[in-house]
Amino acid sequence: MELSALKTTSKRIDILHAMNIYSMEDIIYHFPYRYDIIEESYDNEHMIIEATVISQPKVFFRGKMSRMSFEVIDRYGNHYQVAIFNRHYLRTHLSLSTTITILGKCQNNKITASDIKMKPLCDIAGIHPVYSLKDGINQKSFSQYVKKAYQLLKSELVTLVPEEYIIKHHLVHKDIAIYNIHFPDTQEDIKQSLKYLKYEEFLQFQLTMQLTKFNRYQENGTAKNIDLDKLQNFIMNLPFQLTHDQSVAVKEIVSDLQKPQMMYRFLQGDVGSGKTVVGAIALYATYLAGYQGALMAPTEILALQHYKTLSKFFEKTDIHMALLTGSLSMKEKNEIYEKLNNGDIHIVVGTHALFQKKVNYKHLGFVITDEQHRFGVEQRKALKNKGQQVDFLIMSATPIPRTLAIALYGDMDVSTIKTKPAGRQEVETKYIEASSMKPILKHLKAYLASGGQCYVICPLVDESEKLEVRSATQIYEAMSSYFKGQYKVGLLHGQLKDDEKDDIMQQFVDNQIQILVSTTVVEVGVDVKNANMMIIYNAERFGMSQLHQLRGRIGRGSQKAYCYLMSDQASDEAKERLHYLETCQDGFDISMYDLKVRGPGEVLGEKQSGLPSFLVGDVLKDYNILSVAKDDATQMINAYQNHRLYAHTIEGIVEKLKENNEYVD
Ligand code: ADP
Ligand code: MG
């Protein structure tokens, strides 16, 4: 229903648009983000009382600031001295014997009021929803819009939740849930509303995921015919033996490739757990089956490293590889396009340049993305569409606890590498309560003198990359002058051109640079086995998974590695996080901890994570509801397939998926 039904001004409609509200339905789904509860309270910190004015207010000015004070008496006969700032204009309303409501803090019968309402408490008591709004529409008028929208729509609200689940889970009905989220009488009303809304939201999500997954299994994918002897031979000739988890992951992936259905698999494993070689084996299997494979990395540096790593793995095979990144010349690019088109290139590694319009593949059969959380869903789709029924593998070093991963990525299969290659050492991690290197300078000097190399990671700056670069440059200059004539210092940040970055990185690899000052661009970076010390400035600003990822850059050889987490302004909670990292080296535990403390958005990287954002549900706090919804969705889909039950709901979701091109008949 259109917003014109509100019968309000076009200016206000524009404001609603700016709030992402385009229909009457949008209005009733714009939920309050909190509730103010006004009831009599004698809590000194949150005092809310009704009282009668018993002295003339006095006002004192200092410049533009004012302080007004007066005396009141409450209904129990208690006297209070009330002070309020910058509200002197209320003076004329505060005549003797006026009954008012005072909100504020109280100490020794002296109230510092945060607000004064010119009404008795009973007139304003209750639960008041607070909406996030834009200038020009206040709480009261929005509340009226909601009322109107609700009146018009309540009889046609469409619910996804079958009646038997309403009964089974003791849920309120949708019309009540929607009404009470906006106009609750009690806290219990809010609780019941939220319970319903979260459940419905999760149920919709699960139905969508599971139907997508089911649909993929129906698709006529391409069963790849893989010469398993040759594949086994390739694996035997690798420079090391696969770990148990690597072998299992390989089996799962190869079996997916052989099936006629599309693979859509998530391969997760801690930094250094050895995902790349698993990817390489899968690419080799694809090649053996006569298809092209692509590996997509989030940065040029990483694409280059993958390219080099794969080149080594494929040295003794007949595979033709190419590296496709934005920094190639037009001529080089065209040559690669040509060869991808005619099938001369078997495996291509690159950045998002891989799925630009001009790129056409002869018979792309398999795509791997590394660190998928850095790719948008749209980009992934674009790449997938480059071939027909392309098998799809996502590698991620941000491990998500298995149960959660399955609930979240309900449309994917998951392979997990938990065991690490033998001989991998722990990175000795220490939290240093300081803002400068002083306390660790001695260790750093000794370490450099012994021939090692060091990373220095600069503070994360929220506002802009520019500020980050500035802080990195400052640290770089300070270190350069300190170590002048002794060691060479390099600077790496996101605003350098790609070839400049590669150049710096190469110098670090070749040990021409001993100290690499960098922003988080090294987070997913190349292996430098001789670099085994890392110093991280303002560690409190980073997420734990990110810190863990960063320190994964060191300790990649056989030498002992040290990571210093510096922070002189950590909150108690941040201190706890940093201490946790000192003792814990397991990416799964760390991400679980991070997930609990900071929420999934932070862990996976907001927005681009592909992680669905829920309006009311919280995947972690409401995990129980999510998992119930998951089972119910499975039941509903089964009942639909066997007995055509819930046809309206299920077919409605399928219809939507088709509109978004995510479903094939
Ligand atoms: P990830 O991508 O999971 O962070 P990599 O694939 O880069 O990890 O592997 C880290 C290092 O461990 C690489 O140098 C790789 O060659 C090595 N490696 C991988 N698997 C094994 C194994 N089974 N045994 C010994 N070394 C391994
Ligand atoms: Mg990797």
Side-chain angles (χ1 to χ4, degrees), residues 231-232 234-254 265-284 293 295-299 301-316 347 349 351 368-375 393-400 405 414-427 455 505 508-509 520-532 534 545-559 561 563 585-588 590-591:
L231 187 64
Q232 192 53 38
F234 176 74
I235 295 173
M236 299 289 283
N237 281 312
L238 288 171
F240 43 72
Q241 202 180 353
L242 294 184
T243 63
H244 172 263
D245 288 357
Q246 282 173 324
S247 298
V248 173
V250 166
K251 273 197 198 108
E252 289 169 338
I253 293 167
V254 169
R265 187 171 280 281
F266 186 71
L267 173 62
Q268 57 173 351
D270 217 341
V271 266
S273 62
K275 295 180 293 295
T276 315
V277 66
V278 173
I281 295 168
L283 286 167
Y284 187 67
L295 170 60
M296 182 159 63
T299 63
I301 299 182
L302 202 63
L304 179 67
Q305 162 162 302
H306 277 320
Y307 177 74
K308 287 182 181 161
T309 309
L310 292 183
S311 303
K312 249 190 221 133
F313 285 138
F314 297 144
E315 215 164 40
K316 293 189 194 117
I347 289 172
V349 180
T351 54
I368 305 180
T369 66
D370 193 22
E371 293 310 323
Q372 67 106 20
H373 302 309
R374 281 150 197 273
F375 287 103
L393 181 72
I394 291 162
M395 301 200 294
S396 171
T398 309
I400 306 160
V414 180
S415 294
T416 302
I417 305 182
K418 253 206 114 155
T419 48
K420 290 200 184 165
R424 207 32 59 81
Q425 309 199 29
E426 301 205 327
V427 175
Y455 290 97
M505 210 54 230
F508 192 58
V509 171
T520 54
V521 293
V522 294
E523 185 183 339
V524 279
V526 290
D527 279 6
V528 182
K529 292 200 161 68
N530 189 47
N532 286 303
M534 178 175 281
S545 295
Q546 197 176 14
L547 289 172
H548 181 63
Q549 183 89 16
L550 281 166
R551 77 175 164 187
R553 291 288 101 231
I554 57 174
R556 303 192 65 98
S558 52
Q559 279 169 27
C563 175
Q585 300 269 341
D586 182 319
F588 283 84
I590 289 168
S591 73

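When a ligand or atom number is given, it counts from 1 through the structure's own listing order. Heavy-atom basis, side chains included; hydrogens, waters and symmetry copies ignored.
- Within the structure, the closest approach of Asp270 to ligand 1 falls below 4.0 Å when heavy atoms are considered.
- Atom numbering of ligand 1 starts at 1 in the shown order; those under 4.0 Å from a heavy atom of Ser273 are 3 (O), 8 (O).
- Using a 4.5 Å heavy-atom threshold, the side chains of Tyr455 and Leu550 count as separate.
- Below 4.0 Å from some heavy atom of Gln241 lie the following atoms of ligand 1, by number and element: 22 (C), 23 (N), 24 (N).
- Taking the side chain as every heavy atom from C-beta outward, Asp270 and Gln585 never approach each other to under 4.5 Å.
- Checked against ring-ring contact (aromatic ring centres under 6.0 Å, His included), Phe314 has the following partners two or more places apart in sequence or in another chain: Phe234.
- Taking every heavy atom of Arg556 and a limit of under 4.0 angstrom, the matching atoms of ligand 1 come to 7 (O), 10 (C).
- Ligand 1 has no atom lying under 4.0 Å from any heavy atom of Met395.
- Ligand 1 places these atoms under 4.0 Å from at least one heavy atom of Thr276: 2 (O), 5 (P), 6 (O), 7 (O).
- Between the side chains of Ser396 and Gln268, no donor-acceptor pair is found at a separation under 3.5 Å.
- Close N/O approach between Gly274 and ligand 1 is found [any backbone or side-chain N/O within under 3.5 Å].
- Ligand-side atoms of ligand 1 in range of Thr243: 23 (N), range being under 4.0 angstrom from any heavy atom.
- Heavy atoms of Ile417 found under 4.0 angstrom from ligand 1: none, in either backbone or side chain.
- For the pair Met505 and Val528, the minimum side-chain heavy-atom distance is below 4.5 Å.
- A 4.5 Å side-chain heavy-atom check between Leu295 and Ile347 finds every atom pair outside the cut-off.
- With a 4.5 Å cut-off on side-chain heavy atoms, Leu267 and Ile368 do not count as touching.
- Residue Gly272 places a heavy atom less than 4.0 Å from ligand 1.
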